[in-house]
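None of the values given here were measured: they were computed from a predicted structure. All values below were derived from every heavy atom in this structure, side-chain atoms included, with hydrogens, water molecules and symmetry-related copies excluded.
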Amino acid sequence: MESGGCDLRAALSECVSRLDHALSSGRLAASALPQVSTAAGGQAPLMQFSKHAALSDLLLQSQLVEKTCRAWTATANPLALIEYLQLVCEASSSSEPIRTCTRKSILPRLIVDQLQSENTKTNYKRDSLMFRLVVCHLSLLHHLVKYPGVARSQLQILNAVQVVSFYRQSSDIPIRNLSLLILTHISEDASDASQEDIELLIFICSQTINERSKASALGLLDLLLGIRSLLLFPGNAEVFVSRGGLDLSQRVFQSDQSRETCHLALECLWHCAFCPELAERMRSHDVWTNVIDFCSSQHESLHGAALGIIREVEGKLVPRSVSCSKSASEHDGRHTMISYSWSQQDLAIRLRDALVSAGRKVWFDLERMRGDVLDRMAEGVENASSVILCISSAYACSANCRKEASYANDVQAWPDQRGVPHIIPVIAEPDYRPSGWLGILVAGKLYYRLHEDFDDNFKRLLQAIPS
């Protein structure tokens with residue numbers, strides 16, 4: 001439904017005001033969501049505009065998400081609340097309203113409390129009102145956790161893994177599969193996902209491509225996000241490849257999927273390529289032809305991921321100019337490299353500026369490197385006296401960040417005269433605890449938590465960086 005920009009924003013604003021009044025007054029109707037007045041003089045369902053940026057902005061400005069949460073436990077009309085929650089899911093899945101509410105600890109606790117109540121666990125029979133509420137709560141929870149950095153630490157404190165595991169045993173297939181996907185994102189180790197779980201996700205992906213299965217309303221992108229999360233833990237890449245992951249990736253590439261979906265499939269292959277045995281199997285599989293083809297892609301993300309896989313598989317990225325016998329005096333003129341994920345760019349820029357103000361030479365890629373990405377990354381690592389890793393859940397999920405960190409680890413580290421380590425981890429996300437491959441790489445190193453008290457922790461960090 002098209003409408004003029006200003007007219008549409010005004011119409012959406014009027015709807016949000018009506019929703020705000022309904023929530024504030026406690027007058028939730030069975031069909032609570034108002035209609036949107038269109039430029040043509042007609043009416044359209046508000047949900048039809050759920051992906052519109054203007055609606056997301058209005059939800060944030062009006063604090064409607066938070067008010068919906070407060071109404072969550074107070075309303076006597078849960079059927080109306082379902083509509084509100086569905087709107088919140090659709091309009092805020094990856095945007096600021098949901099993140100703002102999550103940071104204030106409102107949503108995670110309400111979701112987990114509702115899901116773990118005995119009334120909910122006992123009465124969520126199919127086609128019942130409670131069943132619809134469970135599906136809605138799980139869907140909202142999935143929206144929270146599938147984007148790195150959102151709600152994980154809070155959910156771990158709330159024992160969400162155990163709560164969601166209960167619904168993983170449900171006899172209802174959609175609830176069971178949705179619960180499995182949530183667990184892939186909130187588990188801190190691989191013990192919560194079995195080989196059968198990985199095989200099941202591969203199977204559902206294949207069925208989704210075939211469009212033959214109605215057992216899951218989940219999209220292929222959501223499924224691949226879950227698989228990628230599992231590939232961060234040791235041993236799961238081997239299971240993925242042995243259970244048909246290479247065949248699945250080839251089918252994704254050949255089924256005319258979106259650029260985002262293809263990039264995610266490439267990232268899954270890239271995580272597998274860090275294992276030499278799996279890299280060899282990949283090179284002898286037909287999917288290798290697809291990877292080579294993506295190297296010619298005009299899209300930077302696809303080109304970069306494909307090139308990263310090829311470099312990893314063929315072993316062309318090896319230390320060229322590093323000598324572990326360098327003395328402290330030979331470090332003069334070398335830089336400090338900052339490795340970060342896009343979602344932590346603001347903190348990384350602040351760190352760069354502080355280092356430069358302190359007179360330090362910094363290697364920092366603001367544009368995420370164009371041209372021969374891996375050669376430039378290798379140059380940045382090899383000519384560094386120290387590499388600062390701004391680690392977070394988004395950093396752990398990124399195959400490109402994994403390559404930077406792994407390469408820095410592979411290059412022989414040299415201490416300065418005070419024995420300062422080459423790799424310095426900075427916690428760039430509140431309450432983040434590294435696990436999987438990243439947890440292994442930074443184990444035993446001293447963390448610097450710049451997100452908590454930047455000035456004080458930066459002074460400590462500065463002392464750990466060779467002058």
Side-chain angles (χ1 to χ4, degrees), residues 148 224-225 227-232 236-238 240-241 245-246 248-250 252-253 257 259-320 337-345 363 365-382 384 387 389-392 394-411 436-438 441:
L224 289 174
L225 280 169
I227 290 175
R228 186 187 65 176
S229 291
L230 292 177
L231 293 179
L232 306 181
N236 285 345
E238 288 84 348
F240 175 74
V241 172
L246 299 182
L248 171 65
S249 300
Q250 185 179 23
V252 170
F253 301 142
Q257 298 296 326
R259 184 172 69 205
E260 188 178 6
T261 302
C262 288
H263 178 258
L264 195 52
L266 285 170
E267 283 240 322
C268 290
L269 292 180
W270 198 351
H271 281 292
C272 293
F274 286 99
C275 173
E277 294 80 9
L278 300 183
E280 188 58 38
R281 291 181 63 177
M282 193 184 305
R283 181 158 52 179
S284 61
H285 191 278
D286 289 342
V287 75
W288 190 243
T289 302
N290 300 115
V291 174
I292 293 174
D293 289 342
F294 277 117
C295 284
S296 302
S297 173
Q298 298 300 309
H299 300 295
E300 188 70 29
S301 61
L302 299 179
H303 165 79
L307 183 61
I309 294 170
I310 290 174
R311 290 292 188 87
E312 192 67 39
V313 169
E314 296 185 348
K316 289 184 177 179
L317 195 61
V318 295
R320 301 162 296 182
M337 177 180 178
I338 300 176
S339 175
Y340 68 99
S341 71
W342 188 260
S343 60
Q344 269 72 49
Q345 187 184 69
W363 192 99
D365 173 38
L366 182 59
E367 299 299 328
R368 303 312 291 154
M369 292 185 279
R370 296 296 184 262
D372 197 330
V373 176
L374 294 177
D375 278 348
R376 291 194 58 196
M377 179 275 292
E379 181 182 356
V381 171
E382 292 169 11
V387 179
L389 309 182
C390 296
I391 61 176
S392 63
Y395 191 97
C397 288
S398 168
N400 193 58
C401 291
R402 182 174 183 176
K403 184 62 204 175
E404 289 183 8
S406 299
Y407 187 64
N409 192 56
D410 290 341
V411 172
W437 70 267
L438 186 54
L441 190 144

Problem - Lys403 and Arg311: CA distance, side-chain angles, deciding distance, side-chain contact (heavy atoms from CB on, under 4.5 Å) verdict - result: CA-CA 10 Å; Lys403 184 62 204 175; Arg311 290 292 188 87; over 6 Å; no
Fill in the blank from the handout: One should read off an interatomic distance between Ser301 OG and Glu260 CD, to the nearest 0.5 angstrom, of 9.0 Å
Exercise for the section: Could you tell me whether the side chain of Leu246 reaches within less than 4.5 Å of the side chain of Leu278, counting heavy atoms only? Expected result: no
Fill in the blank from the handout: Heavy-atom closest pair (Leu266 atom, Ala305 atom, distance to 0.1 Å) is CB-CB, 3.9 Å
Practice task
Check Cys401 against Ser398 and note the closest heavy-atom contact, atom names and distance.
Solution key: N-OG, 3.1 Å
Completion exercise
Here the pair of heavy atoms bringing Val381 nearest to Ala408 is CG1-CA, 3.6 Å
Handout entry: Verdict with supporting geometry, Ser392 and Ser341, side-chain contact (heavy atoms from CB on, under 4.5 Å)
Key = CA-CA 8 Å; Ser392 63; Ser341 71; 3.9 Å; yes
Handout entry: Any Phe294 side-chain heavy atom under 4.5 Å of His303 side chain
Key = no
Problem - Minimal non-hydrogen separation, Ala394 against Gln344, with atom names - result: CB-OE1, 4.0 Å
Practice task
Find out whether Arg283 and Glu314 are in side-chain contact, i.e. whether some heavy atom of one side chain is under 4.5 Å from a heavy atom of the other.
Solution key: yes
Practice task
Run the numbers on Asn400 and Trp270 for side-chain contact (heavy atoms from CB on, under 4.5 Å), then give the verdict.
Solution key: CA-CA 9 Å; Asn400 193 58; Trp270 198 351; 3.5 Å; yes
Exercise for the section: Test Glu382 against Tyr407 for side-chain contact (heavy atoms from CB on, under 4.5 Å), laying out the working first. Expected result: CA-CA 9 Å; Glu382 292 169 11; Tyr407 187 64; 2.2 Å; yes
Handout entry: Side-chain heavy-atom pair Met282, Ile309 within 4.5 angstrom cut-off
Key = yes
Handout entry: Nearest heavy atoms of Cys262 and Phe253, plus distance in Å
Key = O-CE2, 3.6 Å
Exercise for the section: Could you give me the CA-CA distance, side-chain angles and deciding distance for Tyr395 and Ser339, then say whether side chain to side chain donor-acceptor pair (under 3.5 Å) is met? Expected result: CA-CA 9 Å; Tyr395 191 97; Ser339 175; 2.7 Å; yes
Handout entry: Ile227 side chain reached by Leu248 side chain, heavy atoms, under 4.5 Å
Key = yes
Problem - Arg228 and His271 side chains, donor-acceptor separation under 3.5 Å - result: no
